[in-house]
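Have a look at the structure below, then the notes.
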Amino acid sequence: MTYSTCNRCGAQIPETSTFCPRCGAPVQRVAPAEKPKSNVALYAIIGVLLAACIGLAAWLFLFNGKGDSNATVAEKESAAVAVKEEMASSKAESKAEEQSAEKEVEKTTPSSSDGVYMGLWGQIGDSENVDFEMNGTSGYYSYERNGQNSGRRTLKLVSYDKRSGRCVIEAFSNGKSIGKFDGQFNEIDVEDDEGEHHYGQSYAGKFTSTNGTVLDFSMYAD
């Protein structure tokens, strides 16, 4: 049996008694202190809430990141498509311009088998006894001035339009350009009453030297 002590006389009081057996004083028992309630459940709830918050934050972060990534990829793909289309358009325009330029060149620049053929004599400025020959796209010429021969100069066909007769030929001396002949080239093939053909050529116009001098020239052949 458990005993307690009387507060008045100090006698031992059984736990079942409500009065002290010695002095009769009522027993004042102190209620046992309540044990603190366990906080395990509270901690568990807090843990669950924290885990939920962390999970939600992680999901939002990943979702937004993925969305941004998808948006970025879409923008890059769209930009790449636009660049490709622009490059294709530019390439097509460039090719069209190139083809147009090639056609223009074809009109005025002969191939190796489509040049101008001439063997002429005449005058360039005050130079006489001009020997002028073209064979396709290349040739030569020489002249005399004050009794001295110029020596052979090289000729290169720049352009020849058979329809209009305009013929531009560049002249070279020792590999360097010295000027251009720009004139009208004509060919004549006349058949007489006896069936004979009379062939003639003429080439006349301006010779512009690289130093700016402009000379008249006139050459022909029967």
**OP:** Apply side chain to side chain contact (heavy atoms under 4.5 Å, CB included) to Lys180 and Ile169, showing your working.
**Re:** CA-CA 6 Å; Lys180 288 183 180 179; Ile169 300 173; over 6 Å; no
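- In this structure, OH in Tyr199 is found 10.0 Å from CD1 in Ile188, a value given to the nearest 0.5 Å.
- Looking at every heavy atom in both residues, Leu155 comes nearest to Glu133 through CD1-O, 3.8 Å.
- Summarising the geometry of Cys167 relative to Tyr160, their closest heavy-atom pair is CB-CD1, 3.9 Å, with the distance given to 0.1 Å.
- Comment: Asp161 engages Arg163 in a salt bridge, judged by a side-chain N to carboxylate O separation of less than 4.0 angstrom.
- With hydrogens and angles disregarded, no donor-acceptor distance shorter than 3.5 Å links the side chain of Glu128 to the backbone of Gly122.
- The six-membered or imidazole ring of Phe132 lies away from that of Phe217, with a centre-to-centre distance of 6.0 Å or more.
- A donor-acceptor contact closer than 3.5 angstrom is absent between the side chains of Gln123 and Ser218.
- Checked by atom type and distance alone, the side chain of Ser209 never pairs as donor or acceptor with a backbone atom of Ile178 at under 3.5 Å.
- Rounded to the nearest 0.5 angstrom, Ser138 OG and Glu170 CD are separated by 13.5 Å.
- Other residues, nucleotides and ligands contribute at most 12 non-hydrogen atoms within 6.0 Å of the CZ atom of Arg166.
- In terms of heavy-atom proximity, Leu157 sits nearest to Gly136 at CD2-O, 3.7 Å.
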**OP:** Show your reasoning for whether side chain to side chain contact (heavy atoms under 4.5 Å, CB included) applies to Asp126 and Arg145.
**Re:** CA-CA 7 Å; Asp126 59 356; Arg145 180 183 295 166; 3.4 Å; yes
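- In terms of modelled atom types and a separation under 3.5 Å, the side chain of Tyr140 and the main chain of Met134 share no donor-acceptor contact.
- Between Phe181 and Tyr203, the two ring planes are tilted [angle within 30° to 60°].
- The environment of Asn146 atom CG is sparse: at most 12 non-hydrogen atoms of other residues, nucleotides or ligands sit within 6.0 angstrom.
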**OP:** Report the C-alpha separation of Ser127 and Ser150 in whole Å, then their side-chain angles, then the decisive distance to 0.1 Å, and conclude whether the side chain to side chain contact (heavy atoms under 4.5 Å, CB included) test is met.
**Re:** CA-CA 10 Å; Ser127 302; Ser150 65; over 6 Å; no
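- The minimum heavy-atom distance linking Ser142 with Asn149 is given by the pair CB-OD1, 4.2 Å.
- In this structure, Arg152 does not pair ionically with Asp131, as no charged nitrogen and carboxylate oxygen lie closer than 4.0 Å.
- Residues Phe185 and Val116 meet the side-chain proximity criterion, which asks for heavy atoms closer than 4.5 Å.
- Expressed to the nearest 0.5 Å, how far CE of Met118 lies from CD of Glu187 amounts to 8.0 Å.
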**OP:** Check step by step if side chain to side chain contact (heavy atoms under 4.5 Å, CB included) holds for Lys176 and Ser173.
**Re:** CA-CA 5 Å; Lys176 295 182 179 180; Ser173 177; over 6 Å; no
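- Between the CE atom of Met219 and the CG atom of Leu120 there is a distance of 6.0 Å, given to the nearest 0.5 Å.
- Remark: Asp189 CG is packed, more than 12 non-hydrogen atoms of other residues, nucleotides or ligands lying under 6.0 Å away.
- In the model, Gln201 has no side-chain atom that pairs as donor or acceptor with a side-chain atom of Tyr117 under 3.5 Å.
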